[in-house]
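To start, the structure under review is shown below, and the notes come after it.
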Amino acid sequence: MHQFTIEPLFGTDHWAIAGHNIAFTNSALWMAITAVVLWLFMLGGMKRALVPGRWQMAVESMTGFIDGMLSANVGPAGKKYVPYIFSIFMFILFANLLGLLPLGLIGVHPFTFTSHFTVTGVLAILSFSIVLIVGFWRHGLHFFSLFVPHGTPWWLLWLIPFIELVSFMVRPFSLALRLFVAMMAGHVLLEVLSSFVINSTNAGAGFGLAIGVPSFILMIAICALEMLVAAIQAYVFALLTSLYINDAENLH
């Protein structure tokens with residue numbers, strides 16, 4: 001499980017503030033790399049040429065995709081959330097894809113920080129906090145009516161609000177867990193298959209042909225699938241966040 005180990009870099013393992021370790025880790029490094037790559041991607045697409053090039057079209061297509069998703073799920077009020085949903089979608093997408101790189105940068109092996117629940121948990125809590133802030137800002141205490149669905153029979157009023165509250169509070173956990181599990185499981189599977197390839201090759205030509213070659217072919221297929229999963233998980237995170245925002249914006 002070495003690929004999931006968080007390690008301090010550049011001799012920062014003894015950095016501390018008020019007794020808390022603040023070492024600059026491989027996870028922090030790849031968060032920074034992801035942010036820089038995303039910034040460069042956006043910078044290259046902000047030319048606003050009358051006849052857009054491929055790069056500008058790529059950026060405009062992604063922003064248009066997020067804008068369309070929010071319009072469909074939230075309505076006209078979703079326009080103001082495009083920057084946030086777009087940022088979190090692209091950040092997760094780039095993080096997932098960069099974690100699949102076969103080669104390291106500046107001597108550091110690629111690290112998929114979205115395979116750590118602490119990271120996905122912070123992203124989920126941030127999104128959940130926005131939902132709570134928007135909900136209470138727009139509706140005040142009426143926001144609690146979200147826990148009493150329209151048409152609830154009076155004799156179930158003692159049970160339904162409790163179930164709805166538990167379901168609502170579980171949202172950030174499920175949002176974080178889905179991304180974390182998907183990315184971690186994919187990398188573990190690739191690790192297992194790669195060990196089959198290496199061990200069977202070391203065992204001899206017969207094992208290499210019988211086990212190593214099929215495992216290597218399967219690895220290629222899994223890598224392609226992982227790229228698809230990386231995009232799907234970023235989309236699911238953004239989609240569910242937009243649905244939660246819809247609950248806060250369009251409370252009935």
Side-chain angles (χ1 to χ4, degrees), residues 27 31 34-35 38 41-42 61-100 112-139 142-150 160-187 225-252:
S27 179
M31 288 184 198
T34 300
L38 178 56
F41 173 75
M42 292 301 300
S61 297
M62 298 304 292
T63 54
F65 169 71
I66 297 299
D67 181 58
M69 181 178 68
L70 283 167
S71 297
N73 294 323
V74 183
K79 284 283 185 182
K80 57 179 173 287
Y81 300 103
V82 170
Y84 172 72
I85 298 297
F86 175 80
S87 298
I88 201 166
F89 169 75
M90 295 299 294
F91 184 73
I92 293 174
L93 176 62
F94 278 42
N96 294 345
L97 293 176
L98 287 172
L100 292 172
T112 309
F113 55 83
T114 49
S115 65
H116 281 257
F117 188 71
T118 51
V119 176
T120 60
V122 169
L123 295 176
I125 290 173
L126 178 61
S127 298
F128 192 66
S129 299
I130 291 175
V131 172
L132 291 177
I133 292 171
V134 170
F136 284 110
W137 179 268
R138 286 183 55 83
H139 307 287
H142 181 62
F143 183 65
F144 287 111
S145 65
L146 179 68
F147 307 127
V148 185
H150 182 70
I160 296 299
F162 174 74
I163 295 176
E164 290 292 329
L165 176 62
V166 172
S167 175
F168 184 80
M169 297 304 295
V170 166
R171 284 181 177 182
F173 179 78
S174 63
L175 191 63
L177 188 65
R178 184 180 292 105
L179 175 59
F180 150 71
V181 169
M183 300 314 300
M184 187 172 188
H187 284 271
L225 179 62
E226 274 293 284
M227 295 180 66
L228 178 62
V229 171
I232 290 175
Q233 289 303 316
Y235 169 72
V236 169
F237 198 100
L239 175 64
L240 291 178
T241 301
S242 68
L243 292 176
Y244 298 158
I245 289 175
N246 176 60
D247 290 340
E249 277 284 347
N250 303 314
L251 182 64
H252 297 294

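Starting from 1, each residue takes its place in the sequence as its number. Heavy atoms only: backbone and side chains are in, while hydrogens, waters and symmetry mates are out.
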task: Kindly compute the distance separating CE (Met31) from OG1 (Thr114), expressed to the nearest 0.5 Å.
output: 9.0 Å

task: Please indicate whether Lys79 has more than 12 foreign heavy atoms, meaning atoms of other residues, nucleotides or ligands, lying under 6.0 Å from its NZ.
output: no

task: Over all heavy atoms of both residues, which pair between Ser87 and Leu38 is shortest? Give the atoms and the distance, please.
output: O-CD2, 4.2 Å

- request: Find the distance between CG (Leu98) and OG1 (Thr34) and round it off to the nearest 0.5 Å.
  value: 5.0 Å

Nearest non-hydrogen partners of His139 and Ala248, listed with the distance: NE2-O, 2.7 Å

- request: Take the angle between the ring planes of Phe65 and Phe89 and call it parallel below 30°, perpendicular above 60°, tilted in between.
  value: tilted

task: Working to the nearest 0.5 Å, report the span between CD1 of Ile125 and OG of Ser129.
output: 7.0 Å

- line: So CG of Leu123 and CD1 of Ile88: to nearest 0.5 Å the spacing works out to 5.0 Å

message: On a heavy-atom basis, which atom in Ala95 and which in Thr112 lie closest, and how many Å separate them?
response: O-CG2, 4.4 Å

- request: Kindly state whether the ring of Phe91 and the ring of Phe113 have centres lying under 6.0 angstrom apart.
  value: yes

message: In this structure, is the centre-to-centre distance between the rings of Phe168 and Phe128 below 6.0 Å?
response: yes

CG on Leu228 to CD on Gln233, rounded to 0.5 Å: 10.0 Å

- line: Closest heavy-atom pair, Gly78 versus Leu70, reported as atoms and distance to 0.1 Å, is O-CD1, 3.5 Å

query: Considering only heavy atoms from C-beta outward, does the side chain of Met183 approach that of Glu226 to under 4.5 Å?
result: yes

- request: Let me see the working for Tyr84 and Leu126 under side-chain contact (heavy atoms from CB on, under 4.5 Å), right down to the final yes or no.
  value: CA-CA 11 Å; Tyr84 172 72; Leu126 178 61; 3.7 Å; yes

- prompt: Excluding sequence neighbours, so at least two apart, what forms side-chain contact (heavy atoms from CB on, under 4.5 Å) with Val148?
  reply: Thr152, Leu157, Pro161

- prompt: Where is the tightest heavy-atom contact between Leu93 and Ala234, given as atom of each residue plus distance?
  reply: N-CB, 3.7 Å

field: Audit row: Glu249, Tyr81, side-chain contact (heavy atoms from CB on, under 4.5 Å) steps and yes/no
entry: CA-CA 11 Å; Glu249 277 284 347; Tyr81 300 103; 2.4 Å; yes

task: Could you please spell out the steps behind the side-chain contact (heavy atoms from CB on, under 4.5 Å) verdict for Asn73 and Leu239?
output: CA-CA 8 Å; Asn73 294 323; Leu239 175 64; 3.2 Å; yes

task: Might you confirm whether atom CZ of Phe173 has over 12 heavy atoms from other residues, nucleotides or ligands at distances under 6.0 Å?
output: no

message: How close do Ile85 and Ala238 get, counting heavy atoms only, and between which atoms?
response: CG2-CB, 3.9 Å

